[in-house]
Amino acid sequence: MHHLRQRVLPHLPRAFTTPCKSHSSCAAGHAPKPTPIDSISRPSTHLPLVSRLFQPSNLHDVGQEKRAQGELTCKSQRLMQQAGLIHPSNPGCYYYLPATVRSMEKLVRLIDQEMQRIGGQKLDMPSLCSAELWRRSERWDLMGKELFRLRDRHGAEYCLGPTHEEAVTEMLASQGTLSYRQLPLMLYQMTRKFRDEPKPRFGLLRGREFYMKDMYTFDVSEEAAYHTYESVCQAYNRLFSRLGLRIVQVQADTGKIGGKLSHEFQLPADIGEDRLLVCGSCSFSANVETMEPGWTDCPQCQAGTLVESKGIEVGHTFYLGTKYSHIFNATFNNTKNKLAVTEMGCFGLGVTRILAAAIEVMSTEEAIRWPGLLAPYQVCVLPPKRGSKVDEVAGLAEELALSLGKALPSLRGEVVLDDRTQMTIGKRLKDASRLGYPYVVAVGQKATEEIPRFEVICQQTGETMFLSRDGLVDLLRQVETV
């Protein structure tokens with residue numbers, strides 16, 4: 001071991017070697033003096049650099065190529081592939097590249113906040129679901145070719161779960177009879193789901209593999225279940241409001257999941273595949289699947305006319321009643337100590353679909369625009385071009401980028417430095433616009449003044465302003481992060 005240590009340690013970077021004179025001094029808790037390392041590897045001063053980000057941008061028209069190949073595309077798919085956010089794998093399946101993962105993690109944190117605010121508890125269920133469970137609910141045959149089915153080496157049949165009503169209800173029933181004091185119980189997860197789409201299209205809007213938040217609720221009565229249903233719908237509306245997305249909640253068909261009541265949360269968009277009927281005089285709205293063909297009079301206010309539009313479904317809620325709890329015997333003891341069957345609901349949010357749909361409705365044809373809370377990075381700082389007349393302030397740009405995270409703790413890890421100084425500021429500004437950083441700070445001629453000022457571009461509004469360091473900090477202090 002001693003000889004191995006002598007051979008290996010000289011080849012390790014100094015940052016990973018710890019001088020220690022004896023085992024006893026280390027064991028006694030005497031801290032060794034830190035070994036000097038290059039400042040760029042210190043976590044406290046780490047600054048994301050555009051040149052180091054794995055975001056293989058390909059800013060030519062991907063959509064034109066795909067259309068030539070006969071593959072359906074939409075704005076969000078084209079922009080996300082061009083910007084290096086996603087990369088196609090198999091039909092309907094994509095690599096989520098680092099910038100997209102950052103954005104998804106932020107969306108997951110937002111969803112966690114809203115679900116836990118109403119009492120949700122997070123768990124994680126297996127993607128492999130037993131065929132036996134799905135046969136008991138009669139959905140094994142009902143789902144048809146939409147289910148990815150497989151057999152293990154022993155011949156047992158499974159599916160890759162598109163939803164988990166059977167699994168969660170069977171799991172709960174296996175714990176024995178609950179007490180009414182334990183209800184309502186609200187269990188949710190955010191996992192990959194699988195659906196064998198016959199024609200996957202539009203990037204993350206309709207794929208075969210995707211991320212979904214699915215919540216399953218258990219209540220003591222129909223009245224209590226309706227109350228839970230309404231609280232989840234309110235949480236959904238709060239979530240979309242925080243994202244700045246205008247959502248329409250429409251009455252919907254219960255479909256293959258079943259139940260007594262259902263609503264879809266639709267994001268109006270021309271690319272949407274759902275047809276909606278919305279009344280201009282009251283709050284009524286519905287998926288056309290729930291209405292008689294040709295119906296134009298509003299059934300709620302009796303006065304308005306229903307106008308058809310298109311939408312992207314980003315959420316779906318179901319009041320299931322006892323459809324699954326009766327089959328799997330998910331019971332509880334009520335206040336009279338009598339055995340009763342739980343009333344259930346299930347509630348879905350398309351995590352990856354929300355991300356793509358937001359880009360679809362908020363972006364221009366040439367540039368991505370994010371919901372502020374979901375942008376992978378909030379601020380991009382641009383130093384001057386190397387060798388330009390103002391190259392002298394290049395160091396100021398890096399110092400500024402580092403200082404923003406120190407002055408504003410909420411922006412730590414949210415500021416990126418575009419260090420590709422072989423390119424002009426104009427070219428990097430164009431890239432920054434296409435990639436959708438909410439705030440772009442260019443360090444140019446005005447940074448050489450006695451009181452340096454920086455060109456600040458707010459991408460969401462298109463506004464440009466020149467601010468001192470203090471003015472920039474005051475502006476960015478209002479930025480909300482998650």
Side-chain angles (χ1 to χ4, degrees), residues 115 118-144 146-149 156-180 182-191 193-195 212-233 236 251-264 315-334 338-350:
M115 294 301 98
I118 59 173
Q121 300 179 64
K122 196 172 187 178
L123 77 168
D124 199 339
M125 291 181 273
S127 293
L128 279 178
C129 300
S130 166
E132 187 269 331
L133 294 181
W134 282 68
R135 288 196 172 101
R136 284 172 65 184
S137 68
E138 300 182 348
R139 288 210 299 167
W140 183 258
D141 294 323
L142 181 64
M143 293 293 288
E146 202 169 284
L147 273 184
F148 277 107
R149 305 163 196 257
E157 290 183 287
Y158 298 89
C159 67
L160 294 176
T163 60
H164 279 73
E165 286 80 9
E166 290 85 356
V168 72
T169 313
E170 191 275 338
M171 182 273 293
L172 192 70
S174 71
Q175 306 305 307
T177 300
L178 300 170
S179 164
Y180 71 92
Q182 295 173 269
L183 305 178
L185 184 61
M186 309 168 76
L187 303 175
Y188 77 98
Q189 63 176 351
M190 276 185 266
T191 57
K193 294 291 192 292
F194 305 87
R195 196 166 291 154
M212 188 171 84
K213 186 283 302 179
D214 43 323
M215 172 180 270
Y216 305 92
T217 62
F218 302 84
D219 274 283
V220 298
S221 66
E222 186 171 326
E223 180 182 2
Y226 275 119
H227 182 271
T228 297
Y229 185 96
E230 184 58 31
S231 83
V232 178
C233 288
Y236 279 19
Q251 71 177 29
D253 185 22
T254 57
K256 295 175 182 178
I257 289 180
K260 301 179 179 180
L261 176 69
S262 177
H263 285 90
E264 294 167 346
H316 207 150
T317 58
F318 299 84
Y319 168 47
L320 300 172
T322 59
K323 173 180 170 64
Y324 296 91
S325 51
H326 177 75
I327 293 171
F328 293 99
N329 199 33
T331 57
F332 71 100
N333 284 321
N334 62 21
K338 301 287 187 181
L339 204 61
V341 178
T342 57
E343 295 278 340
M344 285 182 61
C346 68
F347 308 86
L349 282 173

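Residues Leu339 and Asn333 have side chains in contact (heavy-atom distance under 4.5 Å, counting atoms from C-beta outward). Between Thr217 and Pro184, the closest side-chain pair of non-hydrogen atoms is not below 4.5 Å. Within the 4.5 Å cutoff, no side-chain heavy atoms of Thr342 are placed close to those of Thr169. Between Gln182 and Phe218, every side-chain heavy-atom pair lies at or beyond the 4.5 Å cut-off. Counting heavy atoms from C-beta on, the side chains of His316 and Ile257 never come closer than 4.5 Å. Gln189 places none of its side-chain heavy atoms less than 4.5 Å from the side chain of Val168.
Among Met215, Met186, Met190, the one residue that satisfies the side chain to side chain contact (heavy atoms under 4.5 Å, CB included) test with Met115 is Met215. When each of Tyr216, Tyr188, Tyr229 is checked for a ring pair (Phe, Tyr, Trp, His ring centres under 6.0 Å) with Phe347, only Tyr229 meets the rule.
Under the side chain to side chain contact (heavy atoms under 4.5 Å, CB included) criterion, Leu133 pairs with Ser130, Arg136, Glu166, Glu170, Phe328, sequence neighbours left out. For Tyr158, the side chain to side chain contact (heavy atoms under 4.5 Å, CB included) partners two or more places apart in sequence, or in a different chain, are Leu128, Leu150, Asp152, Ala156. Looking at residues two or more places apart in sequence or on another chain, you find a ring pair (Phe, Tyr, Trp, His ring centres under 6.0 Å) between Tyr319 and Tyr226. Judged as a side chain to side chain contact (heavy atoms under 4.5 Å, CB included), and not counting sequence neighbours, the contacts of Pro162 are Trp134, Met143, Leu147, Arg195. Under the side chain to side chain contact (heavy atoms under 4.5 Å, CB included) criterion, Asp141 pairs with no residue at all, not counting sequence neighbours.
Between Cys129 and Gly161 the shortest heavy-atom distance is SG-CA, 3.9 Å. Considering every non-hydrogen atom in both His263 and Leu261, the closest pair reads CE1-CD1, 3.9 Å. Contact detail for Leu183 and Phe332: the closest heavy-atom pair is CD1-CG, 3.7 Å. Among all heavy-atom pairs drawn from Leu123 and Met171, the shortest one is CD1-CE, 3.9 Å. Residues Thr254 and Phe318 come closest through the heavy atom pair O-CE2, 3.3 Å. Between Ser325 and Val341 the shortest heavy-atom distance is OG-CG1, 3.2 Å.
Taken from OG1 in Thr177 to CG in Leu172, the straight-line distance is 10.0 Å, to the nearest 0.5 Å. In this structure, OG in Ser262 is found 9.0 Å from CG in Leu320, a value given to the nearest 0.5 Å. Expressed to the nearest 0.5 Å, how far OG1 of Thr317 lies from CD of Glu264 amounts to 9.0 Å. Met344 CE to Leu185 CG: the interatomic distance, rounded to the nearest 0.5 Å, is 10.0 Å.
Of the charged side-chain nitrogens involved, none lies within less than 4.0 Å of a carboxylate oxygen, so that Lys323 and Glu165 do not count as a salt-bridged pair.
Taking a 6.0 Å sphere around CD of Glu138, one finds it holds 12 or fewer heavy atoms contributed by other residues, nucleotides or ligands.
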Evaluate the criterion side-chain contact (heavy atoms from CB on, under 4.5 Å) for residue pair Asp124 and Thr191; output intermediate values, then yes/no.
CA-CA 7 Å; Asp124 199 339; Thr191 57; 3.2 Å; yes
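Without hydrogens or angle criteria, His164 side chain to Pro126 main chain gives a donor-acceptor distance under 3.5 Å. Proximity of a side-chain donor or acceptor of Arg149 to a complementary backbone N or O of Ala131 within less than 3.5 Å is not detected. A donor-acceptor pair under 3.5 Å links the side-chain atoms of Tyr236 to the main chain of Gly348, judged by distance alone.
Within the structure, salt bridge (charged side-chain N to carboxylate O under 4.0 Å, His left out) contacts touching residues 214-224 (residues at least two apart or in different chains) are Lys193-Asp214, Glu222-Lys260.
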